[in-house]
Novice: 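First the structure, which I've put down as structure tokens, then a few questions once you've had a look.
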Amino acid sequence: MNKTTATLAIALLGCLAHSCTQPAEPEETSENAYYQEPHRPQFHFSPEKMWMNDPNGMVYYDGEYHLFYQHYPDSNVWGPMHWGHAVSRDMVHWEHLPIALYPDSLGYIFSGSAVVDWNNTSGLGENGQPPLIAMFTHHDAEGEKAGRNDYQYQSIAYSNDRGRSWTKYAGNPVVPNTEKIRDFRDPKVRWDENLQQWILVFAVQNHVKFWSSPDLKNWTYLSDFGREWGSHGGVWECPDLFPMQVEESGETKWVLLLSINPGSPNGGSGTQYFVGDFDGKNFTLDPSFAPSVTDEKGVWIDYGRDDYAGVTWSDIPEEDGRRLFLGWMSNWDYAQVVPTTAWRSAMTLPRALSLKKTEQGYRLFSQPVRELEALRSGAHAIESAEITGLLDLAPQLPASPALLELELEFELPDGEPADFGVELSNSKGELYRIGYNAATRQFYSGRTKSGNHSFSDKFAAAVHTAPRLSSDKAVRMHLFFDVASAELFADGGATVMTDIFFPTEDFNQIKLYAEQGRVKLLKGAGYPLKGIWK
Ligand code: FRU
């Protein structure tokens, strides 16, 4: 089943299961203060109204981080795709802008990227200013329905007013689908300074294709990668390719992000990655990385279930130097039936990526961006303690766990079992646990009793697990809770888990627990966080 029919089928199944006939109309009563609906994230990006999926066109220009996104403004389920648009000066506080790209005679506007064309290679700039160029997939829904195979192709649009208005290029599509391949989409483009050319990567069923161009309009095929590597449990989507300096050694390696639906380790959609070299034509997997992706299990940027289609920002200034990532905080398994009506879904927190050589090979580390510290409205130290059973944090942390950042460092007991972590709960007896089990060497996130999950059998079927990379005796957990989500950055970002949940009353109690045996909390700190939508 292809994506369009698959998502429609999912929506329909959700409706059948819950006897609705139409997508629910958003509730717009005066009681709903702005961004205060039940389950509305307070410091994550979410659209004002209606449906959102993938982040698109992430580019930094003239002091602004642009975030475009897959958007259907007429419903809270997937439909004819537009590019919604928002900008931010810090990746934390967002200003909504009008829709940037509307469907047209060539099709819906599927996922893609944006760049600053600094040298005006495209000739589309005006008044000596570099244009912003967006590259996206045109998806011809009529063609698909008619049984054609060439209904997806790559097009561009340009803006000469800091992304406020966009014109589609008259010569679209710039990468036609001459081979007539279904699933031919999600272009991510970057300027290669050494070779003075644009490099494009996009996803085609079970592999990615690389193309090059001098001007973003005329493209030449370079190579394929991926048929024989990584996880192939579903369709490949939303790739990203970029170089990174390996920490400590300083060598340069290339990272290829690749989203896949389904096939992720805990079910549904997720994002794997590959580390290797790119010579301007071919991507070659690093031999030290290859063993970990031969077993079809893949290596994943996030082991939670709610981080999909993430890519990195283009044109971050050299003096900043960070590789900044953000994903869609949902999963195609249930995204269209989660219990919100006015809007559907949010993005993950923005993250800074780094690349390190570990005993298991090259690995990406993710850290929440430092700009998020501006959200802290206080700081509470949590004292060192020996934990057995439950430890209520309320006396030390007089703050709601609904909007909270937490940093904890535990010490594993020598040769004893240890299964410990953080528990959020409410007066309805709903609870969510995120922790570490030393016996299995796995972090885990358990939302099976976290509240409403009747909307999908796939939502709360199992506890989600993630392998631990580090073998340190100290286990560090950096956590963010935002009403309906948890993000764990463990061991300095070596293991990441993002999960959403829907308690019927906000979580208002927070405890540490040691399920078996004991564990020592070495130190901790809690930071109540402010919302961004006031
Ligand atoms: C990923 C994806 C992309 C596609 C878009 C359509 O979630 O399926 O491959 O471009 O969503 O909305």
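Below, each value reflects all heavy atoms present in this structure, side chains not excepted, and no hydrogens, waters or symmetry copies. For ligands, and for the atoms within them, numbers begin at 1 and follow the listed sequence.
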Novice: Which atoms of ligand 1 are found less than 4.0 Å from any heavy atom of Arg185?
Specialist: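 Counting from 1, the qualifying ligand atoms are 3 (C), 4 (C), 9 (O), 10 (O).
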
Novice: Taking 4.0 angstrom as the limit and counting only heavy atoms of Asp186, give me the atoms of ligand 1 inside it, by number and element.
Specialist: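 Those atoms are 3 (C), 4 (C), 9 (O), 10 (O).
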
Novice: What atoms of ligand 1 come within less than 4.0 Å of a heavy atom belonging to Phe110?
Specialist: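 That gives atoms 4 (C), 6 (C), 10 (O) of ligand 1.
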
Novice: Is there a donor-acceptor contact under 3.5 Å linking the side chains of Glu48 and Tyr34?
Specialist: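 Side chains of Glu48 and Tyr34: pair found under 3.5 Å.
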
Novice: Provide the number and element of each atom of ligand 1 under 4.0 Å from a heavy atom of Ser111.
Specialist: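 Per the distance check, 5 (C), 10 (O).
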
Novice: Are Arg148 and Asp150 within salt-bridge range, i.e. N to O under 4.0 Å?
Specialist: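 Result for this pair is yes, salt bridge flagged.
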
Novice: Would Trp328 count as being in polar contact with ligand 1, using the rule that some N or O on each side must be under 3.5 angstrom apart?
Specialist: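 No; the residue has no nitrogen or oxygen that sits under 3.5 Å from a nitrogen or oxygen of the ligand.
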
Novice: Below a 4.0 angstrom heavy-atom separation, can you tell me which part of Asn53, side chain or backbone, both or neither, approaches ligand 1?
Specialist: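 Side chain only; the backbone of Asn53 stays clear of ligand 1.
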
Novice: Find the distance between CD (Glu37) and OH (Tyr35) and round it off to the nearest 0.5 Å.
Specialist: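 Nearest 0.5 Å value for the CD-OH distance: 8.0 Å.
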
Novice: Can a cation-pi geometry be assigned to Arg40 and Trp343, taking NZ or CZ under 6.0 Å from the six-membered ring centre and within 45° of the ring axis?
Specialist: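 Yes - Arg40 lies over the ring of Trp343, closer than 6.0 Å to its centre and within 45° of its axis.
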
Novice: Below 3.5 Å, N or O to N or O, backbone or side chain included: is there any such pair between Tyr308 and ligand 1?
Specialist: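 Between Tyr308 and ligand 1 (N or O atoms, distance only) the closest approach is not under 3.5 Å.
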
Novice: With rounding to the nearest 0.5 Å, note down the distance linking CZ in Phe459 to CD1 in Ile500.
Specialist: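 Reported to 0.5 Å precision, the distance equals 5.0 Å.
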
Novice: Run the contact test for Tyr108 against ligand 1 with a 4.0 Å cut-off on heavy atoms, strictly below, and give the result.
Specialist: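 No, Tyr108 has no heavy atom closer than 4.0 Å to ligand 1.
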
Novice: So is Thr137 close enough to ligand 1, meaning a heavy atom under 4.0 angstrom away?
Specialist: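 In this structure, Thr137 fails to qualify as a contact of ligand 1 - no heavy atom is under 4.0 Å.
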
Novice: So for atom NZ, which belongs to Lys458, do other residues, nucleotides or ligands contribute more than 12 heavy atoms lying within a distance under 6.0 Å?
Specialist: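 Atom NZ in Lys458 is not crowded, with 12 or fewer foreign heavy atoms closer than 6.0 Å.
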
Novice: Under 4.0 Å from a heavy atom of Gln70: which atoms of ligand 1 are those, numbered in the order shown and with their elements?
Specialist: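 It comes down to these atoms of ligand 1: 5 (C), 6 (C), 12 (O).
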
Novice: Which of the numbered atoms in ligand 1 are below 4.0 angstrom from a heavy atom of Asp54?
Specialist: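 Reading through ligand 1 atom by atom, the close ones are 1 (C), 2 (C), 3 (C), 5 (C), 7 (O), 11 (O).
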
Novice: How long is the straight-line distance from OG1 of Thr498 back to CZ of Arg351, given to the nearest 0.5 Å?
Specialist: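 If I round to the nearest 0.5 Å, the distance is 3.5 Å.
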
Novice: Closer than 4.0 Å to some heavy atom of Met81 - which atoms of ligand 1 meet that?
Specialist: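 Contacts of ligand 1 toward Met81, numbered from 1: 12 (O).
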
Novice: Is the closest side-chain heavy-atom distance between Gln152 and Arg182 below 4.5 Å?
Specialist: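 Not in contact.
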
